[in-house]
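Reading through the structure tokens given below for one structure.
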Amino acid sequence: MNFEFLTLDDVYLEDKRVLVRVDINSPIGPDGRILDENRIREASITLRELKDSKVVVMSHQGRPGKSDFVSLEKHATILEKYVGRPVRFIDDLMGPAARSEVLKLENGDILLFENTRLYSEEIIEASIEDCAKTLLVRKLSPLFDLFVNDAFPAAHRSQPSLVGFAYTLPSVAGRLVEKELKALREMTPRLKRPIVYILGGAKIGDRLEVIETLTKTGLVDKIIVGGLLAPVFLEAKGERITSNNVKKDKEFESSVERARRLLRWREEVFLIPVDVAVDRNGERVDCPVGKILGEYRIKDVGLNTVDMILNEVSKAGSIIANGPLGVFEEEQFSRATMEVLKAISRSNAISIVSGGHLTTALRKLEAEDKVTYTSTAGGALLHFLAGKRLPIIDALEIGKRNAEKLKLIKERR
Ligand code: 3PG
């Protein structure tokens with residue numbers, strides 16, 4: 001496939017100082033353990049190829065304030081296992097310690113920088129031009145010859161470490177970006193109707209944005225809402241969700257308002273839970289909407305809702321599933337996620353299962369080879385399927401021009 005940007009095949013890599021942005025943001029357990037190594041394994045493919053370069057790796061992990069916002073120190077050990085060469089971790093990103101270590105690198109060395117989101121600049125979402133003006137980009141750019149972007153799961157984010165190097169460093173895509181984009185570009189025109197989205201997980205704002213786009217473009221026939229989207233849509237339908245389930249802040253209120261607008265406009269597209277499972281002192285109790293035991297936390301969609309979802313899955317031409325429907329790490333609340341994944345893996349529909357948590361659940365079922373495609377990306381994949389632009393691809397196009405100027409491009413045979 002011809003891309004609008006350069007890949008590792010197009011440039012000279014030997015002896016070069018290469019800055020690689022990957023996305024090894026992984027599910028983290030309550031004890032701080034990395035629960036799934038898939039993204040780290042995928043990131044290692046590009047790094048293995050850079051054996052004759054001096055390599056620095058950057059990634060984010062979690063979001064400030066969330067329990068999975070941790071250091072990348074443990075990731076280094078796992079990365080090392082998959083790359084097959086030492087990966088040295090440094091708890092710095094652009095300070096003097098990090099910069100002096102970069103200058104000491106020899107060919108074949110790999111240095112992993114600390115979680116990019118420890119630095120406030122990285123939390124902003126800004127234009128490529130504004131990201132290019134950040135301190136991160138200004139401090140690191142002079143140290144490198146080339147920028148490799150392999151962070152496909154974060155392709156929908158426009159943050160400094162992802163897009164900011166477009167104007168200062170020649171940029172090429174890594175193997176994961178290449179692989180995912182190729183697969184998705186080939187698969188999208190083949191999607192058959194009815195197209196069913198099953199959306200769970202915790203990233204409410206992102207998912208609402210995608211749903212709004214999908215309902216406008218009409219590239220969807222059914223949207224099933226679970227995870228933390230379920231309370232938002234239930235409240236929008238008039239159910240009173242208690243504050244032990246959701247933080248009743250302005251953000252929640254505005255999400256509920258967006259859900260109300262969507263329901264007023266195209267309610268027939270949505271499947272909203274008719275029952276939920278709450279956690280009564282460790283016991284799963286299914287209760288119908290209207291009789292939710294509000295003093296206990298909602299941790300899964302209910303079993304009647306699961307039956308309705310299975311019915312939609314059986315009629316679907318294409319299924320796109322993203323994010324777990326409940327707290328799947330706790331066995332009694334993993335039922336909806338697991339039942340639905342089993343049904344998807346048995347279905348003849350084109351099926352895409354995406355995002356760290358859901359693909360982890362699919363692997364637990366040993367059903368990865370029974371779906372059409374699993375993607376390392378969650379939000380980025382949904383943005384792509386909804387037809388939205390991916391900022392890292394725009395940045396790679398700009399970064400191609402630098403490579404042309406600096407004569408880093410190999411002659412095409
Ligand atoms: C993801 O897991 O979707 C990506 O790593 C992006 O993470 P974010 O939603 O916290 O930006």
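When a ligand or atom number is given, it counts from 1 through the structure's own listing order. Because only heavy atoms are used, hydrogens play no part in the values below, and waters and symmetry mates are left out as well, while side chains stay in. It should be emphasised that the depicted structure is a prediction, and the values quoted were computed from it without experimental measurement.
Taking every heavy atom of R117 and a limit of under 4.0 angstrom, the matching atoms of ligand 1 come to 8 (P), 10 (O), 11 (O). In the vicinity of R157, heavy-atom distances shorter than 4.0 Å reach the ligand 1 atoms 8 (P), 9 (O), 11 (O). When each atom of ligand 1 is checked for a heavy atom of R63 under 4.0 Å away, the hits are 8 (P), 9 (O), 10 (O).
A salt bridge links E178 with R175: at least one charged nitrogen is closer than 4.0 Å to a carboxylate oxygen. Using a 4.0 Å cut-off between charged side-chain N and carboxylate O, E397 and K400 make no salt bridge. In summary, D68 and K66 do not engage in a salt bridge, as defined by a charged side-chain N under 4.0 Å from a carboxylate O.
Of all protein heavy atoms, the one closest to atom 5 (O) of ligand 1 is D23 OD2, 2.6 Å. For atom 3 (O) of ligand 1, the closest heavy atom belonging to the protein is K203 NZ, 3.2 Å.
Residue contacts with ligand 1 for Q61 are absent, since no atom lies close enough (heavy atoms, distance under 4.0 Å). Only the side chain of R39 comes within contact range of ligand 1, with a heavy atom under 4.0 Å; no backbone atom does.
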Salt bridge (charged side-chain N to carboxylate O under 4.0 Å, His left out) assessment of E257 paired with R260: CA-CA 5 Å; E257 196 37 55; R260 271 194 205 109; 2.8 Å; yes
Worked verdict on D300 versus R335 for salt bridge (charged side-chain N to carboxylate O under 4.0 Å, His left out): CA-CA 8 Å; D300 201 5; R335 274 183 79 174; over 6 Å; no
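Under a 3.5 Å cut-off, the side chain of D109 and the backbone N or O of E106 do form a donor-acceptor pair.
For the pair H60 and ligand 1, a heavy-atom separation below 4.0 Å is found. Within the 4.0 Å heavy-atom cutoff, G356 does not count among the residues contacting ligand 1.
For ligand 1, none of its N or O atoms has an N or O atom of H156 under 3.5 Å away.
H75 and Q61 form a side-chain donor-acceptor contact under 3.5 Å, judged by distance and modelled atom types alone.
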